[in-house]
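Accompanying notes for the structure given below.
So you know, we letter chains A, B, ... as the sequences are listed, proteins then strands, and number each from 1. This one's a predicted model, so the numbers in the text were calculated from it and none came from an experiment.
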Protein chains: 2
Amino acid sequence: MKTDLDSARDYSQQIAENIRDAIISGDLPVDGRLPSEADLATRFNVSRPTVREALKRLAAQNLIRTQRGATGGAFVTRPSFEQAQEHMVTTATLLLSMNTVDFETAVEARFALERACLPLACARRTPAHLASMRAEIARQGTDGLTDEEFCASDVAFHRALVDATGNPVLSWHMAGAVEAMQPLMNMITFTARSRAQITDLHQALATALAEGDLTAANAAMDALASYTLDLGGEIRARRSARPTSRPGATG
Amino acid sequence: MKTDLDSARDYSQQIAENIRDAIISGDLPVDGRLPSEADLATRFNVSRPTVREALKRLAAQNLIRTQRGATGGAFVTRPSFEQAQEHMVTTATLLLSMNTVDFETAVEARFALERACLPLACARRTPAHLASMRAEIARQGTDGLTDEEFCASDVAFHRALVDATGNPVLSWHMAGAVEAMQPLMNMITFTARSRAQITDLHQALATALAEGDLTAANAAMDALASYTLDLGGEIRARRSARPTSRPGATG
DNA sequence: GCCCTGCAATATGTCAGACAATTAACAATT
DNA sequence: AATTGTTAATTGTCTGACATATTGCAGGGC
């Protein structure tokens, strides 16, 4: 590991980069312990707070975890899909909520990607996946569901569908695309009719997957995409009425 | 913003979360300035180093940027696709290189996603996109290209293809899927024949897109996927010969 | 011999105060 | 009017200390 720093740039940033590179290159093995903060401070010839800032940067990227106590320290974290998903959702949510991208573009991307899952899902879905999907469909039909609960169930349904591909990389990408849209979807007021329509399409998807009927699945997915776009028009109309548009803001 | 902290958990982490939520909710507007470190320390009733650790966490996620000087401070950064892509590539590379996922799964996910881009790319590709793709095809045919250069050109070709969808969200996702595989692809030794085969398929893709022929594009993409999987078998065979497998490690 | 308690060691988490470096705005000078 | 100090505000870093958590070991009681 390079330990001489450029005095013109932030030390903590350079130290974080050095350690990060050491992790990526495999110099620091997974679950291996980094030197103690005091050690690192000596090696890089900086103070402990500076080292700590560097470590916090790495911790924020889930590259390391820290543990207190005698045998504690900073350990290289094996990247997990759960953490990566969380990260992805955060990033995607930010991109979508900060007006960087409009509703139509997000919907288009999401359904294009989700459509890509259908062939694999048709071929590999297990009874457990189908059961999850049907459980959500049942939930979506219950009375007294708030819009947010309906949305959450919708997300759960689609995640079950994506998981049916049996490909964690695909699940990881899709989780970002699907979950990040929840704040936008939460702005939609679902009428009883639109709920029924969506639930019917979910039902069609589940049936198509159960029967391995890719054509039917594609059709249902396309219908869902265009229907979601229609509902989105409602959002856009409402947003254009207000001067400042901050989709994610609650107050 | 909530300023009372749970004494059982890390202060710096809680403060980072609070500020992050304030950013996401829109309480702290884009390009807005955060209170000074001293201010934040007073508000949260902690010391300045603790506040700084929190800010470094946020800086590591590209949520804020800091500036020194009289009118300096921490400013909320507008999330950009460039930064998000960089982040995505880093995360995806880590997942792929740390043995969390095998080659076949990564290839399957990548081509499933890329296949999803074809309908949009067929419909929207501009002459500029086609020119980019053809430039890479030409490059791939030149003599004296190293394997790494060939790989880089391959990535550039596919990025051009993805960009042809005109959907930045899609591009963002795909950049992660495509670029993250480069380290793995770099392990492949491309024979003259395999290069020719790949370049031919690229040519077929470009032609199909130029003519808006989705069926042909799908066929070419599928052929590319299965051919890549074949080449990957070579990797697996070579890796199984060595006890420790660290794809990303260079030494 | 075995288990429990208490202490020492080691590490991270936090605090307080100080100084250095950078930058913008303002005042003074030519 | 333009240029040049000067000052104030803010981040970046250092030092030293204390608080807290956790492990391991030693000693005592059973």
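- In terms of position along DNA chain D, the nucleotide closest to Ser47(A) lies nearer the 5' end than the nucleotide closest to the other residue of the pair Ser47(A) and Thr71(A).
- When the C1' atom of dT11(D) is taken as reference, atom CD of Glu37(B) falls 5 Å away, rounded to whole Å.
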**OP:** Begin with the C-alpha distance, continue with both residues' side-chain angles, and end with the deciding distance and a verdict on side chain to side chain donor-acceptor pair (under 3.5 Å) for His129(B) and Ser132(B).
**Re:** CA-CA 5 Å; His129(B) 294 130; Ser132(B) 302; over 6 Å; no
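- Separating the CD atom of Gln13(B) from the P atom of dT12(C) is a distance of 16 Å, rounded to the nearest angstrom.
- From Thr50(B), atom OG1 reaches atom CG of Asp10(B) across 9.5 Å, with rounding to the nearest 0.5 Å.
- Closest contact between the side chain of Ala70(B) and the listed nucleotides dC14(D), dA8(D), dT12(C) involves dA8(D).
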Subject >> side chain to side chain contact (heavy atoms under 4.5 Å, CB included) evaluation trace for Asp31(A) with Arg65(A) >> reply: CA-CA 9 Å; Asp31(A) 288 329; Arg65(A) 61 187 184 281; 3.1 Å; yes
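- Counting to the nearest Å, the C1' atom of dT20(D) and the CG atom of Asp6(B) are 15 Å from each other.
- Nucleic acid contact class of Arg65(B) (heavy atoms, under 4.0 Å, all strands): none.
- As rounded to whole Å, 10 Å separates atom P of dC14(D) from atom CD of Glu53(A).
- Across dT11(D), dG13(C), dT14(C), the shortest atom-to-atom separation from the side chain of Arg68(B) is found for dT11(D).
- At whole-Å resolution of the value, CG in Asp39(B) and P in dT10(D) are 7 Å apart.
- Distances shorter than 4.0 Å separate some side-chain N or O of Arg52(B) from OP1 or OP2 on dG12(D).
- The separation between Gln67(B) atom CD and dT22(C) atom C1' is 10 Å, rounded to whole Å.
- In this structure, Thr50(B) does not reach the dG13(C) phosphate: none of its side-chain N or O atoms is under 4.0 Å from OP1 or OP2.
- Here the shortest heavy-atom pairing between Ala160(A) and Met133(A) reads CB-CG, 3.6 Å.
- Nearer to the 5' terminus of DNA chain D, by closest-nucleotide assignment, is the contact made by Pro49(A) (compared with the other of Gly69(A) and Pro49(A)).
- Leu34(A) places its CG atom 13 Å from the P atom of dA11(C), with the value rounded to the nearest Å.
- Contact record, Pro168(A) with Thr105(B): CD-CG2, 3.8 Å, taken as the closest heavy-atom pair.
- The CG-P distance, from Asn45(B) to dT14(C), rounds to 13 Å in whole Å.
- For Arg48(A) and dT14(C), a side-chain-to-base donor-acceptor distance below 3.5 Å is present, hydrogens and geometry of angles not being considered.
- When distances run from any side-chain atom of Arg33(A) to the nucleotides dA11(C), dT14(C), dT23(D), the shortest one goes to dA11(C).
- Considering only side-chain atoms of Lys56(A), the nucleotide from dT11(D), dC14(D), dG13(C) that sits closest is dG13(C).
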